[in-house]
Engineer: 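Here you go, one structure.
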Amino acid sequence: MSDEGLIVCRTKIPARFEGPPGYVHGGVIATLLDEAMSKANRACNVIAMTRHLEVDYRRPVPLRSTIEITARHLKAEGRKHFCEAEIRLHGETLASGKALFIAVTKQFLLSRTKD
């Protein structure tokens, strides 16, 4: 995490995640944004589950190119946590997302795994 509270990841997406020829599948893009925002929550010691996710697909995300994924925790209102994320290539935003997360306790998660 940077000094500004920004989570940063640089990665290349392999061909197995192809949607349109040569580009990342939209569902994978949404997953990357959601996961980055989840990491931004964790950096603030918040365990939360996604309640609402909004994705803006601005340009296709190419496969096998080094992209930068960034995310930040914006604010909290009780158990509600608001985050934003972007996927960029050479400084250009290809996709962005906003999400509302609801904080949960470890006990809540453990109680849901029992049969």
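Computed over heavy atoms, backbone and side chain alike; hydrogens, waters and symmetry mates excluded.
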Engineer: Under 4.5 Å between any side-chain heavy atoms of Thr105 and Ile47, yes or no?
Structural biologist: no
Engineer: Taking it one step at a time, do Leu32 and Ile13 satisfy side-chain contact (heavy atoms from CB on, under 4.5 Å)?
Structural biologist: CA-CA 10 Å; Leu32 291 168; Ile13 307 302; 3.8 Å; yes
Engineer: What verdict does the side-chain contact (heavy atoms from CB on, under 4.5 Å) test give for Leu89 and Ser65, after you've listed the backbone C-alpha separation in whole Å, the side-chain angles of each residue and the deciding distance to 0.1 Å?
Structural biologist: CA-CA 8 Å; Leu89 178 64; Ser65 294; 4.1 Å; yes
Engineer: Closest heavy-atom contact between Ala40 and Ile7?
Structural biologist: CA-CG1, 3.6 Å
Engineer: Side-chain contact test, heavy atoms from C-beta onward, threshold under 4.5 Å: evaluate it for Leu94 versus Arg58 and give yes or no.
Structural biologist: no
Engineer: Report yes if some heavy atom in the side chain of Phe101 is under 4.5 Å from a heavy atom in the side chain of His73; otherwise report no.
Structural biologist: no
Engineer: Between CD1 of Ile29 and CG of Asp56, what distance do you get to the nearest 0.5 Å?
Structural biologist: 11.0 Å
Engineer: I need the full list of side-chain hydrogen bond (donor to acceptor under 3.5 Å, both in side chains) pairs touching residues 34-49, with sequence neighbours left out, sorted by first then second residue.
Structural biologist: Asp34-Thr50, Glu35-Lys39
Engineer: Do the side chains of Val28 and Tyr57 join up, straight or via other hydrophobic residues, at under 4.5 Å, putting them in one cluster?
Structural biologist: yes
Engineer: Quick one: CD on Glu86 to CG on Leu6, what's the gap to the nearest 0.5 Å?
Structural biologist: 9.0 Å
Engineer: Does Val24 reach the side chain of Glu18, with side-chain heavy atoms less than 4.5 Å apart?
Structural biologist: no
Engineer: Give, for atom CZ of Arg72 and atom CE of Met37, the distance between the pair rounded to the nearest 0.5 Å.
Structural biologist: 13.0 Å
Engineer: Same hydrophobic cluster for Leu53 and Val104, using side-chain heavy-atom links shorter than 4.5 Å among ILVMFWY?
Structural biologist: no
Engineer: Drop me the distance from Met49's CE to Leu100's CG, to the nearest 0.5 angstrom.
Structural biologist: 12.5 Å
Engineer: Any pair with a residue in residues 8-17 that passes side-chain hydrogen bond (donor to acceptor under 3.5 Å, both in side chains), sequence neighbours left out, goes on the list, sorted by first then second residue, please.
Structural biologist: Arg10-Glu68
Engineer: If you look at every heavy atom in Ala85 and Ala71, which pair is closest and at what distance?
Structural biologist: CB-CB, 3.9 Å
Engineer: What are the two closest non-hydrogen atoms of Val8 and Thr70, and how far apart are they?
Structural biologist: CG2-CG2, 4.1 Å
Engineer: Looking only at non-hydrogen atoms, find the nearest pair between Leu63 and Pro14 and report the distance.
Structural biologist: CD2-O, 3.3 Å
Engineer: Which residues pass the salt bridge (Lys or Arg N to Asp or Glu O under 4.0 Å) test with Arg64, sequence neighbours left out?
Structural biologist: none
Engineer: Counting C-beta onward and ignoring hydrogens, is there a side-chain heavy-atom pair between Ile87 and Ser96 closer than 4.5 Å?
Structural biologist: no
Engineer: Just how far is it from atom CZ of Arg88 to atom OG1 of Thr66, taken to the nearest 0.5 Å?
Structural biologist: 16.0 Å
Engineer: In Å, rounded to the nearest 0.5 Å, how long is the span from CD of Glu84 to NZ of Lys75?
Structural biologist: 11.5 Å
Engineer: Just wondering, do Tyr23 and Val61 contact through their side chains at under 4.5 Å, heavy atoms?
Structural biologist: no
Engineer: If every non-hydrogen atom of Val55 is compared with every non-hydrogen atom of Ala30, which pair is closest and at what distance?
Structural biologist: CG2-CB, 4.0 Å
